[in-house]
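See structure below.
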Amino acid sequence: VGKIIEIRKEPYTVIGVVRAANEEKKEYESLDEYHMDQWGSPGKIFVNYGSWPLIYVFDEPEGVAVQVDEAKNMAAAGAAAADILNMYVTNGNLTYQAVNTDEAANSLKTRTTAITAMLVSIASLSLLVGGIGVMNIMLVSVSERTPEIGLKKALGAKPRVIMGQFLTESAVLTSVGGVIGVLLGILIGKVIAMVISMDFAISIPWIFIAVGFSVGIGLIFGVLPARKAAKMNPIDALRRE
């Protein structure tokens, strides 16, 4: 108090310091924590109304915050405040507008929903294409191993055993692909985070969900090849070269 500070090269005398009644002195563990806290909660300077022309180069304030009694009155109060301010504007290039945070939040939510729907559509299409690829691979495997299937059935293997074998192979194939995909996703995510200087976090539950989806795709699209193998006639299968 009593010291001189400069705001845009204009001197101001500190006449008081505002502090919350329950504010406690915070201890920082590191310099990075201090900078992060200061960046997230910048200080405020209160000046008298007559200082606006010196700080903002014109007589009108840049904005005004209005508190209302009920949330439903926010839009009307903001519009009324903007109308009152515009009545006293002396700068012809300046017009006040009310900003409704609810509308901005709803607009952001709408865009986020659209982006999510698009990503889900792309992921669904990718899963469909991948499932068809797995089914084709398993069909080729069944065709190439027809004598083996015939021999197993001739030795007494039941259809459910043959079907279980190929379903297991399909699930293993897709699970390995899912694990590889997760590892590549983590690697690419870390690289992108380093390039754009952002934090990178991994969700363990979603990793299991992703691998589970891969296994599920393998089981679903592996049913047709497995049923084809289980229904083979052992005599016809043994005759095929």
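- One hydrophobic cluster, built from ILVMFWY side chains closer than 4.5 Å, holds both Ile137 and Val142.
- Placement of Leu183 and Ile204 within a single hydrophobic cluster is found when ILVMFWY residues are connected by side-chain heavy-atom separations under 4.5 Å, directly or transitively.
- Here the side chain of Ser214 pairs a donor or acceptor atom with the backbone of Ala210 at under 3.5 angstrom.
- For the residue pair Ala79 and Ala98, the shortest heavy atom distance occurs at N-CB, 3.7 Å.
- The hydrophobic cluster containing Leu173 also contains Ile162, counting ILVMFWY residues as joined when their side-chain heavy atoms lie under 4.5 angstrom apart, directly or transitively.
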Ser170 and Met135: side-chain contact (heavy atoms from CB on, under 4.5 Å), yes or no, with the steps?
-> CA-CA 8 Å; Ser170 178; Met135 183 174 63; over 6 Å; no
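- Side-chain contact between Val172 and Glu169 is absent, with no heavy-atom pair separated by less than 4.5 Å.
- Nearest heavy-atom pair, Leu219 versus Ala171, reported as atom, atom and distance to 0.1 Å: CD2-CB, 3.8 Å.
- Between Asn73 and Asp69, the closest side-chain pair of non-hydrogen atoms falls below 4.5 Å.
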Can you list the steps and then say if Glu148 with Lys153 is a salt bridge (charged side-chain N to carboxylate O under 4.0 Å, His left out)?
-> CA-CA 9 Å; Glu148 174 190 338; Lys153 298 194 74 173; over 6 Å; no
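- Here the OG1-CE distance, from Thr174 to Met138, works out to 9.5 Å after rounding to the nearest 0.5 Å.
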Passes side-chain contact (heavy atoms from CB on, under 4.5 Å), Ile15 versus Val1? Steps please.
-> CA-CA 5 Å; Ile15 63 173; Val1 175; 5.6 Å; no
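- With hydrogens and angles disregarded, no donor-acceptor distance shorter than 3.5 Å links the side chain of Asn86 to the backbone of Thr95.
- Here the shortest heavy-atom pairing between Val68 and Ala77 reads CG1-CB, 3.2 Å.
- For the atom pair CE (Met194) and CD1 (Ile196), the distance works out to 12.0 Å, reported to the nearest 0.5 Å.
- Val211 is connected to Phe208 through a chain of hydrophobic side-chain contacts under 4.5 Å among Ile, Leu, Val, Met, Phe, Trp and Tyr, so both are in one cluster.
- The distance from the CG atom of Asn233 to the CD1 atom of Ile149 is 12.5 Å, given to the nearest 0.5 Å.
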Could you go step by step and tell me if Arg145 and Gln165 meet the side-chain contact (heavy atoms from CB on, under 4.5 Å) rule?
-> CA-CA 12 Å; Arg145 297 164 61 184; Gln165 174 188 344; 2.6 Å; yes
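- Side-chain atoms of Ser124 and Val120, non-hydrogen and from C-beta on, do get closer than 4.5 Å to each other.
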Working for side-chain contact (heavy atoms from CB on, under 4.5 Å), residues Asn136 and Val140 | CA-CA 6 Å; Asn136 289 334; Val140 171; 5.5 Å; no
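- Rounding to the nearest 0.5 Å places OG1 of Thr13 at 9.0 Å from CD1 of Ile5.
- Residues Val14 and Tyr12 share a hydrophobic cluster, clusters being chains of Ile/Leu/Val/Met/Phe/Trp/Tyr side chains in contact below 4.5 Å.
- How far CD1 of Ile132 is from CD1 of Ile217: 10.5 Å, rounded to the nearest 0.5 Å.
- Residues Phe200 and Ile186 have side chains in contact (heavy-atom distance under 4.5 Å, counting atoms from C-beta outward).
- Taken to the nearest 0.5 Å, the CZ atom of Phe221 stands 8.5 Å off from the CG atom of Leu127.
- Annotation for Gln97: atom CD does not count as buried by contact number, only 12 or fewer foreign heavy atoms lying within 6.0 Å.
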